[in-house]
Amino acid sequence: MVIFPDGGERYLSTELYAGKKETTVRLYNTLTNTKEFFKPIHSEKILIHSCGPTVHEVPHIGTYRRVILSDMVVKYLNFKGYEVKHVTNIIDMADRSIKGAELAGMDVKEFSERYTKVFYEDLDKLTIRHEGNYPKASENVDEMIRLVEKLVDRGYAYEKLKSVYFDISRLDDYGVLSNIDLTKVQHSHTVDQDDYEKDNPVDFTLLKRSNLAELKKGIYYKTRWGNVRPSWHLECAAISLAYLADTFDIYISGSDIVFPHCENVMAIGKAATGEKMANFWLNAELVMREGKKMSRSLENTFTMEDLEKRGYTGKEIRYFLLSSHYRKPLNFSFAALDTAGNTIRRLNNFIQRLIHASPGEGCDDVDQLIYDVKNGFSAAMDDDLNVSGALAAVFEFVKAVNPLVTEKRLSEDERDRIIGVMRKINAVIGVIDFEEEKLDEGARNLLSQREEARRSGRWEESDLLRERLFDMGVLVHDTPDGTTWTLK
RNA sequence: GGCGGCAUAGCCAAGUGGCUAAGGCAGCGGUCUGCAAAACCGUUAUUCACCGGUUCGAAUCCGGUUGCCGCCUCCA
């Protein structure tokens, strides 16, 4: 173990260490407004925090864009061979949860659990794993209160009429993340200043005193300042510090909440530990609907269920959300989902064709093609997750392999290696199916009846059977090698 | 008012100084088919919002114009 006098920055940038510490991955850091080479803090495990959803309602697909970004970052780092610890907090005690529970005549816990369950189901549909690190705000209140005690003790927070506020004047670099100039801020758009008694209107709330109705329902936590509820910024800060470290690798959120949320979370971390909270701050852009942000208040949202009712699948929605760059606004449309569906179908067809390919002599080009697709995919993804470029590499691969399948040139081993590399890529993009499609017996019978009819030239009967199979979801294809089929 | 971002084909979307401007979808043409469909193959931007400048060379850099979006401290 060697301790470098300057924290190692200078030494780590020398060639000797570059290979070990620095990755080939470049990410756009909101903190510096530049793409930087990602350098993990610990070589053994990368630590990532993502802002989770509020669970006062069924989340809409706009919420899921940043969730998809987090998932893709984690899966791509896994693809590169890194182990990742990823924490996503569940905001289950927001103002709206309390209001919503009251309207529904439920207690807040029961109310929140209902929507947390939907959130998890949605993650399943989007092929995002959710076992493990999804701590709930309501189960980490002790951490939050301890954190505020620390802030007050260190002089970064103050109590006023039984609420506790963060004193931003104490942090000289407040505003570095969002580039905000507090002297030019327009106040009071979303806050009724009369409700708060801050020393300075730019200070933000850490703990808010519970009101009478909340006290009656038991929605409060006893502290030395009074009976209070934690604020949103405090929740994210406390959870990321408690579950990860004083300084962790990446903080992922949405572009609409860089200010105030991320800025304030960062300020809490810096004030509490004296260290910078995260090295990289990634912010996903928004999902738009006819030129406006998709949001509850504009009443222009779609939930996963809304889209499923219209016949779209989770994977189609996933593809739609991930297939264009995360730092550009994404316009929602049904046409875009249709496109996603068609595109995925092409990839699935490719896999099914490979599964059913008749083995051949083998082909010298395969090694090169596999090398090219791996290389093209990771080169693009390395560059701040350029998914469009990465997918282009995949489609070029598909295009090059298809004729080899048609001409029956692939050996079994080559075929398996091609499927293997597609699986590896799909571990990141998560939209392709690799299961061999199977027919049930009824469909198989109809298929052979149709073959019989065709052999005897009874076209009307054969066409009727084709229609019946179509209605069952089976598409038949008459090819020179006989009849094949795929599932719709 | 402040800060940040965007504008590339019918649609979506890469590319940020130099080979013929990736890729996907849709369309069109072809192969196949009893006919279809699917699949596969081929094809689709002398031009990158507009004006000016720098340069041997600009979608890419600089200045300006227009249009659009997000955020500005407890909605999250």
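Chain identifiers are assigned alphabetically (A, B, ...) following the order of the sequence lines, protein sequences preceding nucleic acid strands; residue numbering begins at 1 within each chain. Everything numeric here is computed off the predicted structure, so don't read it as measured data.
Scanning atom types as modelled, no donor and acceptor separated by under 3.5 angstrom connect the side chain of A/S323 and the base of B/rG24. For B/rG4, its base never sits under 3.5 Å from the side chain of A/N283 at any donor and acceptor pair. Side-chain atoms of A/Y165 stay outside donor-acceptor range of the base of B/rU73, with no qualifying N/O pair under 3.5 Å.
Salt bridge A/R450/A/D478: present, at least one basic N to carboxylate O contact under 4.0 Å. At a threshold of 4.0 Å, the pair A/E451-A/R454 counts as salt-bridged, since one of the basic side-chain nitrogens sits closer than that to a carboxylate oxygen. Using a 4.0 Å cut-off between charged nitrogen and carboxylate oxygen, A/K208 and A/D95 count as a salt-bridge pair. Between A/R468 and A/D471 there is no salt bridge, since none of the side-chain N atoms of the basic residue sits less than 4.0 Å from a carboxylate O of the acidic one. Salt bridge A/K117/A/E113: absent, no basic N to carboxylate O contact under 4.0 Å.
To the nearest angstrom, C1' of B/rA22 lies 16 Å from CZ of A/F377. Straight-line distance from the CD atom of A/E263 to the P atom of B/rG2: 19 Å, rounded to whole Å. What separates CH2 of A/W281 from P of B/rC71 is a distance of 19 Å, to the nearest Å. Computed from coordinates, the A/F320 CZ to B/rC11 C1' distance equals 13 Å when rounded to whole Å. Going from atom CZ of A/F259 over to atom C1' of B/rC75 covers 15 Å, rounded to whole Å. Following rounding to the nearest Å, A/F397 (CZ) and B/rA22 (C1') show an atom-to-atom distance of 18 Å. The interatomic distance linking A/L391 (CG) with B/rC25 (P) rounds to 11 Å, in whole Å. Counting to the nearest Å, the P atom of B/rG70 and the CD1 atom of A/I180 are 17 Å from each other.
Aromatic ring centres of A/Y115 and A/F119 lie farther apart than the 6.0 Å criterion allows.
You'll find that the side chain of A/S388 is closest to B/rA14, out of B/rG34, B/rA14, B/rC25. For A/H325, the listed nucleotide lying nearest its side chain is B/rA14; candidates were B/rA14, B/rU73, B/rC35. Comparing atom distances between the A/P260 side chain and each of B/rC25, B/rU73, B/rG23 picks out B/rU73 as nearest. The side chain of A/D256 sits closest to B/rC71 out of B/rC71, B/rA7, B/rC25.
B/rG57 is unpaired under the criterion used here, namely a Watson-Crick or G-U wobble arrangement in which both key atom distances are under 3.5 Å. The nucleotide B/rU46 finds no pairing partner, because no Watson-Crick or G-U wobble arrangement with both distances shorter than 3.5 Å includes it. For B/rC19, there is no paired base (Watson-Crick or G-U wobble, both distances below 3.5 Å). In this structure, B/rG67 and B/rC6 make a Watson-Crick or G-U wobble pair, each of the two defining distances being under 3.5 angstrom. Base pairing of B/rG1 is made with B/rC72, judged by Watson-Crick or G-U wobble geometry with both donor-acceptor distances under 3.5 Å.
B/rG15 and B/rC3: their C1' atoms are spaced 28 Å apart (whole Å). Taking the P atom of each, B/rG17 and B/rG53 are spaced 23 Å apart, rounded to whole Å. Straight-line distance between the P atoms of B/rG24 and B/rU44: roughly 13 Å, to the nearest whole Å. Taking the P atoms as reference points, B/rC62 lies 38 Å from B/rA26, given to the whole Å. Look at the P atom in both B/rG70 and B/rA21: the space between them is 35 Å, to the nearest Å. Comparing the C1' positions of B/rA38 and B/rC6 gives a spacing of 39 Å, expressed to the nearest Å. Going from the P atom of B/rG52 to that of B/rU60 covers 14 Å, rounded to whole Å. Rounded to whole Å, the C1' atom of B/rG34 lies 49 Å from the corresponding atom of B/rC48.
In this model, no donor atom of one side chain and acceptor atom of the other lie less than 3.5 Å apart for A/N227 and A/S210. For the residue pair A/T54 and A/H56, a side-chain donor N or O sits within less than 3.5 Å of a side-chain acceptor on the partner. A donor-acceptor contact under 3.5 angstrom links the side chains of A/H356 and A/E436, judged on distance only. In summary, the side chains of A/T303 and A/D306 do present a donor paired with an acceptor at a separation below 3.5 Å, with no hydrogens or angles considered. Between the side chains of A/Y326 and A/N283, no donor N or O sits under 3.5 Å from an acceptor N or O.
Looking at heavy-atom distances under 4.0 Å, A/D463 makes contact with a base. Using a 4.0 Å heavy-atom cutoff across all strands shown, A/A94 reaches sugar-phosphate atoms only and no base atom. Using a 4.0 Å heavy-atom cutoff across all strands shown, A/S231 reaches no nucleic acid atom at all. If you check every strand for non-hydrogen atoms under 4.0 Å, A/S324 touches sugar and phosphate atoms only. When heavy atoms are screened at a 4.0 angstrom cut-off, A/N331 is found touching no nucleic acid atom at all.
Between A/N386 and B/rG15, a side-chain N or O to OP1/OP2 separation shorter than 4.0 Å is present.
Comparing A/S178 and A/F395 against RNA chain B, the residue whose closest nucleotide sits nearer the 5' end is A/S178.
Put simply, A/W459 rests on the base of B/rG34: the two rings are less than 5.5 Å apart at their centres and nearly parallel, under 30°.
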| task | Would you please test A/R455 and A/E452 for salt bridge (Lys or Arg N to Asp or Glu O under 4.0 Å) and show each step? | result | CA-CA 5 Å; A/R455 264 197 295 277; A/E452 187 60 44; 3.4 Å; yes
| message | I'd like to compare against my own output: the B/S/- annotation of nucleotides 36-41 of chain B with a strict under-4.0 Å heavy-atom distance to protein. | response | BBBSSS
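Applying the side chain to side chain contact (heavy atoms under 4.5 Å, CB included) test between A/F350 and each of A/I355, A/I418, A/I432, A/I419 identifies A/I418 as the sole match.
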Hey, what are the protein-to-nucleotides 67-69 of chain B N/O distances that come in under 3.5 Å?
unit_1, atom_1, unit_2, atom_2, d
B/rC69, OP1, A/K292, NZ, 2.9

